[in-house]
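All values below were derived from every heavy atom in this structure, side-chain atoms included, with hydrogens, water molecules and symmetry-related copies excluded.
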2 protein chains.
Amino acid sequence: MVTIKDVAKKANVAVSTASYALNGVKKVSPKTKDKVLQAAKELNYRKNGFASDLKRASTKTLALILSDLSGPFYSELIRGVQDVATDHGYDLIACSAIGGENSTAAKFLTEHRVDGCIVLAHNITDEMLKDVAHHHFPIILLDREIEVDSTVHVKVDNKKGGFKATEYLIQNGHTDIAFVNGPSDSYDNQMRFAGYQEALQFYNIELQNKWMVSGNFTREGGESAANILAAQDQVPTAVFFANDEMAIGGMEAFKKRGMDIPDDISIIGFDDILEAKYVYPKLTTIRQPKYEMGASASHVIFQMLNNEKVNSTFELHTDLIIRDSVKKL
Amino acid sequence: MVTIKDVAKKANVAVSTASYALNGVKKVSPKTKDKVLQAAKELNYRKNGFASDLKRASTKTLALILSDLSGPFYSELIRGVQDVATDHGYDLIACSAIGGENSTAAKFLTEHRVDGCIVLAHNITDEMLKDVAHHHFPIILLDREIEVDSTVHVKVDNKKGGFKATEYLIQNGHTDIAFVNGPSDSYDNQMRFAGYQEALQFYNIELQNKWMVSGNFTREGGESAANILAAQDQVPTAVFFANDEMAIGGMEAFKKRGMDIPDDISIIGFDDILEAKYVYPKLTTIRQPKYEMGASASHVIFQMLNNEKVNSTFELHTDLIIRDSVKKL
DNA sequence: GTATTTCATCGAAACGTTTCGATGAAATCG
DNA sequence: CGATTTCATCGAAACGTTTCGATGAAATAC
């Protein structure tokens, strides 16, 4: 491996001078600068980023920790994060939390490899986050709340969203409303469910346990949830899926059984993912401001890096997006 | 920041001993090991990953360079890469190439921050890749071929795929077949188009320039391409979109104009993305073995890291997936 | 009881940078 | 011309690890 020493030697200058030249520090004369640059080029010199970061004690990089890297939901959120990071001259990398304690994400969280982290990964334990959170390492949590003072939460009012979704169904004449859960350890899911419960209670509708099924936030989970619901003796007239992925899988399953949407059964989802408006019928859902979530999270990190005082919680609101999957009164 | 020195001091051992203890090297006695671990815990010690990587001269990390981080197509491919990387005890990070020369991707490519790279990003120039490619830095290219001996290409026979798609349309009675291009600098697109051309020629059908439009591989691009085609005096009876994203956008646009798919116009895509089977009507398309692409790429990297001899090109095949968007004879 | 081996521990060097303070030459000034 | 400032360049220390070879104590062997 060719190092800066080799470059310096070739250019007949001191290592320090080479470093200055390479980094564009003004105090080096144009002539020697050229010499150094030329030598570097000839040797095909590549600086070692670690050595550099080690010395500088800053990485100019943010990590976005995702449960899986391969989920479709994140596009807009990532864009939000990325735009703001780029604006600040920072790099963004995404890493997966598959594997929990041994995951790439854990490595980046614990080993000072980035200047800050944005976490949206239910497979990272609260434990680990608490462990890692400390004053000069900003961590923004997008999917949970834990009580550590150095972390910041950007969240969406999932509960109100769940309420809105349920209320919309009720206002369109439904009383037999099923709820399809995501993973039980998901904070988002819990809140959406809470909103659902609250709406039922508010409108004096009894919650039916047989209509609580789970679908793990996946398309396949949604399909099987739908099948379970459809096979019951008493089939609900509307289903609130805790996310769009499941809703889309569920619609597919219902259609396969010959049920018409929304005539036989109404569907509402949550998230407003891109596909939502491309499926048939177009999915009515609750929109999360995903781009804004990403952008806010990223924004807060930079405030923290500048030692500014920040609120520990940011809450963004949701919108009901009315399309064609709910039968209207 | 608490360093290993602090830990060593607190535990009353030498720095080296602390390092051994922390890394689980056997030659340290259980008693001192405990002492060190205890001290580390009390001080909330986090090792500095850079210092460690710097000394070890290996990162145990692979980078997946994507044009955008927020594209939906990549899910399966990423899973393929990830599975194999994890099997080898390696971490995987994804980084975006937005910004070209100044992107995160460029930084990771040039600064020895990872042990190998998998590139699927048309916004990284050939120039830069050639510049960086050298013997101990494996680079796997998924979306282009350039003539540098230390890079490896994993590709799909896009041309044959393009041929198959077109042939299928022809065999179902179509002769008026439009082609919607992706970005002109995309190697994939060029090959798919070449396959299309070859099929037309093979079946003695003349290529019509008015039916070559472009859609930039995006949904919106597909919509506008469809609108352009539909507005012509002579509308084709079938459209081959160079990817599914565009096809889905296109179908939407055709439907909006009151055209029935496949009765009025047949559609075929390319990729077989997840949504393909959830849109209405289900999209007939050419499947790319995305998971296998990712897995092979990752596999090859490890062979290269072991200094094994590897082929410079791997070619995977495509399959025609027949669904409902092409009218059958 | 001496010679040898095993073993835990240690100190120091190394990884490749960046950056501080020093050095001396050239340029400026009166 | 001597004094002072400016400037390019340099050497050395530092960042936080890992790891080599050395050291001496304990354990084993004869």
key: Sequence neighbours excluded, every pair satisfying salt bridge (charged side-chain N to carboxylate O under 4.0 Å, His left out) that has a member inside residues 6-20 of chain A   = A:Lys10-A:Glu42

ask   = Could you state the NZ-P distance from A:Lys55 to C:dG16, rounded to the nearest angstrom?
value = 16 Å

Shortest side-chain distance from A:Ala51, nucleotide among C:dA8, C:dT18, C:dG16 = C:dG16

key: Cationic N near anionic O, under 4.0 Å, A:Lys41 to A:Asp34   = no

inquiry  = Applying a 4.0 Å non-hydrogen cut-off, can you work out what B:Thr3 is touching in the nucleic acid: base, sugar-phosphate, or nothing?
reply    = sugar-phosphate

inquiry  = Heavy atoms only, 4.0 Å cut-off, all strands: where does A:Val25 land among base, sugar-phosphate and nothing?
reply    = nothing

message = Can you tell me which nucleotide in D:dG11, C:dG16, C:dA8 comes closest to the side chain of A:Leu54?
response = C:dG16

ask   = Is there a side-chain contact between B:Pro138 and B:Phe302 (heavy atoms, below 4.5 Å)?
value = no

ask   = Below 3.5 Å, does any donor atom in the side chain of B:Tyr20 face an acceptor in the base of C:dC7, or the other way round?
value = no

message = Side chain of A:Arg56, heavy atoms from C-beta onward: which of D:dT17, C:dC10, C:dT18 has the nearest atom to it?
response = C:dT18

inquiry  = Under 4.0 Å from OP1 or OP2 of C:dT18: is there any side-chain N or O of A:Asn23 that close?
reply    = yes

query = How long is the gap from CD1 on B:Ile93 to CD1 on A:Ile65, to the nearest 0.5 Å?
reply = 12.0 Å

request  = Provide the Watson-Crick or G-U wobble partner of D:dA12, both distances under 3.5 Å; none if there is no partner.
outcome  = C:dT19

query = Contact class for B:Ser19 (heavy atom, under 4.0 Å): base, sugar-phosphate, or nothing?
reply = base

inquiry  = With a cut-off of less than 4.0 Å, is there a side-chain N or O of B:Thr32 near OP1 or OP2 of C:dA8?
reply    = no

query = Reckon B:Ser16 touches a base, only the sugar-phosphate, or nothing at all at heavy-atom distances under 4.0 Å?
reply = base

